[in-house]
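To start, the structure itself, in structure tokens.
Note: hydrogens, waters and symmetry copies are ignored here, and every other heavy atom, side chains too, is used. Bear in mind that the values here come from a model prediction, so they are computed numbers and not experimental data. Just so it is clear: chains get the letters A, B, ... in the order the sequence lines come, proteins before strands, and each one is counted from 1.
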Protein chains: 2
Amino acid sequence: MPGFTCGLDATLRVVAGKWKPLILYFLAQGGPTRYGELRRAVRDVSDKMLIQQLKELEADGLVKRTDYKEVPPRVDYSLTPLGRSLAQALVPLCNWGEANLVEVTRVFAQRAAEDQRRASRK
Amino acid sequence: MPGFTCGLDATLRVVAGKWKPLILYFLAQGGPTRYGELRRAVRDVSDKMLIQQLKELEADGLVKRTDYKEVPPRVDYSLTPLGRSLAQALVPLCNWGEANLVEVTRVFAQRAAEDQRRASRK
DNA sequence: CAGGATCCGCTGCGATACTG
DNA sequence: CAGTATCGCAGCGGATCCTG
């Protein structure tokens, strides 16, 4: 219970959540980012999910939230040093995805076709 | 629909699943691995989950399954070149986890404490 | 603008039992 | 040994509506 099976296991638990890696990675690209901008950047994310993941990231010490106490409201999010280091560890994954976009796309088209068949068979 | 928002997004979909990164990483460490050994290595995984994830990895062209058609059964799993390249992209995540084990452990102890309070409050 | 609150369906995942 | 089959459900995550 106090331990993880390995370093990768530990990391995976921290970034568990559908949107966390994407959030971290986007924040790493652009410095402090306002809520609205972040939401547009991470496509298809809902308010509920974005906020929830941001809170967890903040509680985990990866992201820093700054509330400027203005009206209209203005809040932005940035990475802590810890968050920044994690975001850098994500870079190779991003590169892998770009380098293998063709294969990945093909694989997913195929998987979608199977899902289609399964749905129509039922 | 044909596209991902970025390379990272594409990669994340491929490794979606609680155990896939761990499986890939373990296979990268040790060459062809028998089913039973893999199961012992990836701790706490059930047969159902391990098989399911392995099948998806195989369908995605990341893992190669070899059945020796013997009795008693003997099967082993290894990485394809594509799988190997992805596993390498996982290395920095593993290192990050090891380098920050202390923080991660603390964060999780804290999170567990909160869950405790929430459970007792109810 | 930056969230909070609620309702709810789906499915990922675990536990258990069985098989060639 | 290397799986398969079935059951059950928490909780992840989407949709919608509301607020300071």
Could you give the distance from CG (B:Asn95) to CG (B:Leu90), rounded to the nearest 0.5 Å?
10.5 Å
What is the separation between atom CD on A:Gln53 and atom C1' on D:dG13, rounded to the nearest whole Å?
9 Å
Hey, is the main chain of B:Val75 close enough, under 3.5 Å, to the side chain of B:Thr66 for a donor-acceptor pair?
no
For the backbone of B:Gly97 and the side chain of A:Thr11, can you confirm whether one donor and one acceptor N or O come within less than 3.5 Å of each other?
yes
With nearest nucleotide decided by heavy atoms, which residue, A:Arg74 or B:Asp44, maps closer to the 5′ end of DNA chain C?
A:Arg74
B:Leu50 CG to D:dA2 P, in whole Å, measures 11 Å
I need the CD-P distance between A:Gln52 and C:dG3, as an integer number of Å.
14 Å
Whole Å only: how far is the CG atom of B:Leu54 from the P atom of D:dA2?
12 Å
Answer yes or no: does a side-chain N or O of A:Lys69 lie under 4.0 Å from OP1 or OP2 of D:dG20?
no
Indicate yes or no for a side-chain donor-acceptor contact from A:Thr33 to the backbone of A:Gly31 under 3.5 Å, with no hydrogens or angles considered.
yes
Side chain of B:Met49 only, heavy atoms from C-beta on: which candidate in C:dG4, D:dG3, C:dC13 is closest?
C:dC13
Given D:dA2, is OP1 or OP2 found less than 4.0 Å from the side-chain N or O atoms of B:Arg34?
yes
Does a distance-only test, which skips hydrogens and angles, find a donor-acceptor pair under 3.5 Å between the side chain of A:Lys48 and the base of D:dG14?
yes
Test your reading of the model: is there a side-chain donor-acceptor pair from B:Lys55 to the backbone of B:Ile51, 3.5 Å cut-off?
no
Choose from D:dT4, D:dG20, D:dA2 the nucleotide whose nearest atom is closest to any side-chain atom of A:Pro73.
D:dG20
Report the distance from atom CD of B:Glu70 to atom P of D:dG3, rounded to the nearest whole Å.
13 Å
In whole Å, I'd like the distance from the CG atom of A:Asp47 to the C1' atom of C:dT6.
14 Å
Among D:dC1, D:dG13, D:dG3, which nucleotide has an atom closest to any side-chain atom of A:Lys18?
D:dG13
The nucleotide from C:dG4, C:dC1, C:dG20 with an atom nearest the side chain of A:Ile51 is C:dG4
Could you tell me how far apart A:Asp67 (CG) and C:dG4 (P) are, to the nearest whole angstrom?
11 Å
Using OP1 and OP2 only, check whether a side-chain N or O of B:Tyr77 sits under 4.0 Å from D:dG3.
yes
Give the rounded distance in Å between these two atoms: NZ of B:Lys55 and P of D:dG3.
8 Å
A:Pro72 has a side chain; which of C:dA2, C:dG4, C:dC1 sits nearest to it?
C:dC1
